Peer 1: 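Pasting a structure here, questions to come.
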Amino acid sequence: MNILVLNCGSSSLKFQIIETDMDMINSDSDKMLAKGLIERVGSQSLISFQVVGKPSFKSAEPLRDHKIALMYAIKWITNPETEIPGIKDISDIHAIGHRCVHGAERFKKAVKIDNDVIDGIEDCIPLAPLHNPANLKGIYAARDIFGPSVPQVAIFDTAFHSTIPETTYMYAIPYQFYRRFKIRKYGFHGTSHRYIAYRYRILNNLEREQVNIISLHLGNGCSACAIKNGFSLDTSMGLTPLDGLMMGTRCGDIDPSVIEFLAHNEGITIDEVFSVLNKRSGLLGISGLTNDMRDLLEEEKEHKDRRATLAIDMFCNRIRKYIGAYMAAMNGVESICFTGGIGENSPDIRRRAIKGLEWFGIELDDELNNLAVRSKEMLISSENSRIKVYVIPTNEELLLARDTLRVVIDAKRIW
Ligand code: ADP
């Protein structure tokens with residue numbers, strides 16, 4: 001089955017076409033056929049498409065909205081000159097899987113999209129005002145273009161964390177606010193953490209229930225996840241993705257009093273404070289230079305910039321704090337797994353984040369750590385390390401495609 005995986009952001013559209021079926025899942029031989037990214041949807045859009053193994057196609061076009069952007073992508077996908085194996089026209093796309101950010105308490109697993117599900121995703125908008133409307137734009141666009149005969153599936157970032165126990169997901173604020181507004185920890189990056197758990201299980205030949213790891217997704221957004229017996233026990237993001245680890249532009253953990261203090265003393269509105277915490281904080285806020293870890297490391301090396309070092313050290317310190325907290329919560333961890341753009345590519349950050357955890361018996365093999373660049377899947381801890389450390393490149397799209405297939409054929413969930 002050829003699955004179109006769609007990931008729509010407020011001004012972006014990402015896709016992959018993945019060929020999969022149950023045999024391919026069982027033999028881990030599903031194939032990504034093509035991928036694409038359209039940025040700046042709504043103005044002069046930047047387009048980058050690629051058939052696997054071929055040079056990429058790049059262009060810039062004014063694409064007014066997500067539907068026009070998707071139509072543009074479909075035109076390229078079905079163009080005979082593009083030559084995606086097995087894809088000649090639109091009928092060769094058999095199902096569509098949508099990455100949806102917030103499923104709140106309603107969506108605990110992937111679901112086939114119908115009007116009721118769309119209403120449910122709309123109901124979650126107050127919890128994810130930036131993300132869910134963008135996801136819905138993708139759903140509406142695909143429905144208009146493909147019609148009702150092509151099944152569409154929604155896969156939620158929050159779903160993997162639906163196993164987090166009440167004692168962990170509740171905030172210690174009056175209970176009525178949970179009852180009235182469902183204010184609680186939900187967690188995000190769920191598909192990525194689930195993929196890490198899945199790969200870890202395959203690499204070590206384990207059953208799902210034997211997976212006891214801390215997964216660290218370090219990209220522009222960053223989150224940690226305590227995975228116990230194969231299920232999410234805790235994660236660092238909360239009601240929204242603002243909580244937890246320090247990120248590119250987000251502050252992560254903060255004393256809530258800062259919000260009131262900033263609003264009063266800087267004379268700005270609550271919305272403006274949240275814009276500061278979401279868009280002008282994290283690595284960018286501390287360094288005053290950039291939210292990009294690669295550039296920050298370069299700045300530190302070339303110019304010995306004090307605030308670049310401070311930002312990086314704070315970033316690593318927060319990771320260490322979560323590793324410690326999750327080791328306590330899990331009462332036994334076998335491995336720590338790094339993923340995401342930073343986790344997969346930066347030996348320096350991994351070394352600095354793990355440094356100081358020797359007391360727990362965690363020790364990197366410097367040579368292996370230095371070899372783990374450009375998204376290589378490998379073990380990077382030393383032979384003596386009591387807790388193993390891995391780099392596992394994430395592949396959310398693969399799980400999105402597999403979930404789509406399973407929902408469409410109504411298969412029992414297996415991973
Ligand atoms: P997103 O969360 O948007 O998917 P990514 O997972 O692609 O983002 O991660 C982007 C981050 O990864 C950026 O901060 C980028 O600088 C960082 N990154 C990518 N390669 C490297 C590298 N070699 N060293 C350090 N950081 C890197």
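What you see is a predicted model, and the numbers here were worked out from it, not measured in a lab. Order of appearance sets the numbers: ligands from 1, and atoms from 1 within every ligand. Starting from 1, each residue takes its place in the sequence as its number.
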Peer 1: Using the rule given for side chain to side chain contact (heavy atoms under 4.5 Å, CB included), can you reason through L70 versus I145, listing the C-alpha separation, both sets of side-chain angles and the distance that settles it, and then say yes or no?
Peer 2: CA-CA 8 Å; L70 183 58; I145 294 168; 3.8 Å; yes
Peer 1: With under 30° as parallel and over 60° as perpendicular, where do the rings of Y322 and Y326 fit, or are they tilted in between?
Peer 2: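 It falls in the perpendicular class, over 60°.
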Peer 1: I'd like the contact residues of ligand 1, where contact means a heavy atom below 4.0 Å.
Peer 2: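 Lining ligand 1: G219, N220, G221, N291, D292, M293, R294, L297, G340, G341, I342, N345, S346.
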Peer 1: First locate atom CD1 of I164, then atom CE of M170, and finally report the distance between them rounded to the nearest 0.5 Å.
Peer 2: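 I164 atom CD1 to M170 atom CE measures 13.5 Å (nearest 0.5 Å).
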Peer 1: Check this for me: R352, atom CZ, are more than 12 non-hydrogen atoms of other residues, nucleotides or ligands nearer than 6.0 Å?
Peer 2: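 More than 12 within 6.0 Å, yes.
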Peer 1: Do Y390 and Y200 have ring centres separated by under 6.0 Å?
Peer 2: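 Aromatic pair counts; centres sit under 6.0 Å.
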Peer 1: Restricting to side-chain hydrogen bond (donor to acceptor under 3.5 Å, both in side chains), what partner residues turn up for E397, sequence neighbours left out?
Peer 2: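 Per chain and number, E397 pairs via side-chain hydrogen bond (donor to acceptor under 3.5 Å, both in side chains) with no residue.
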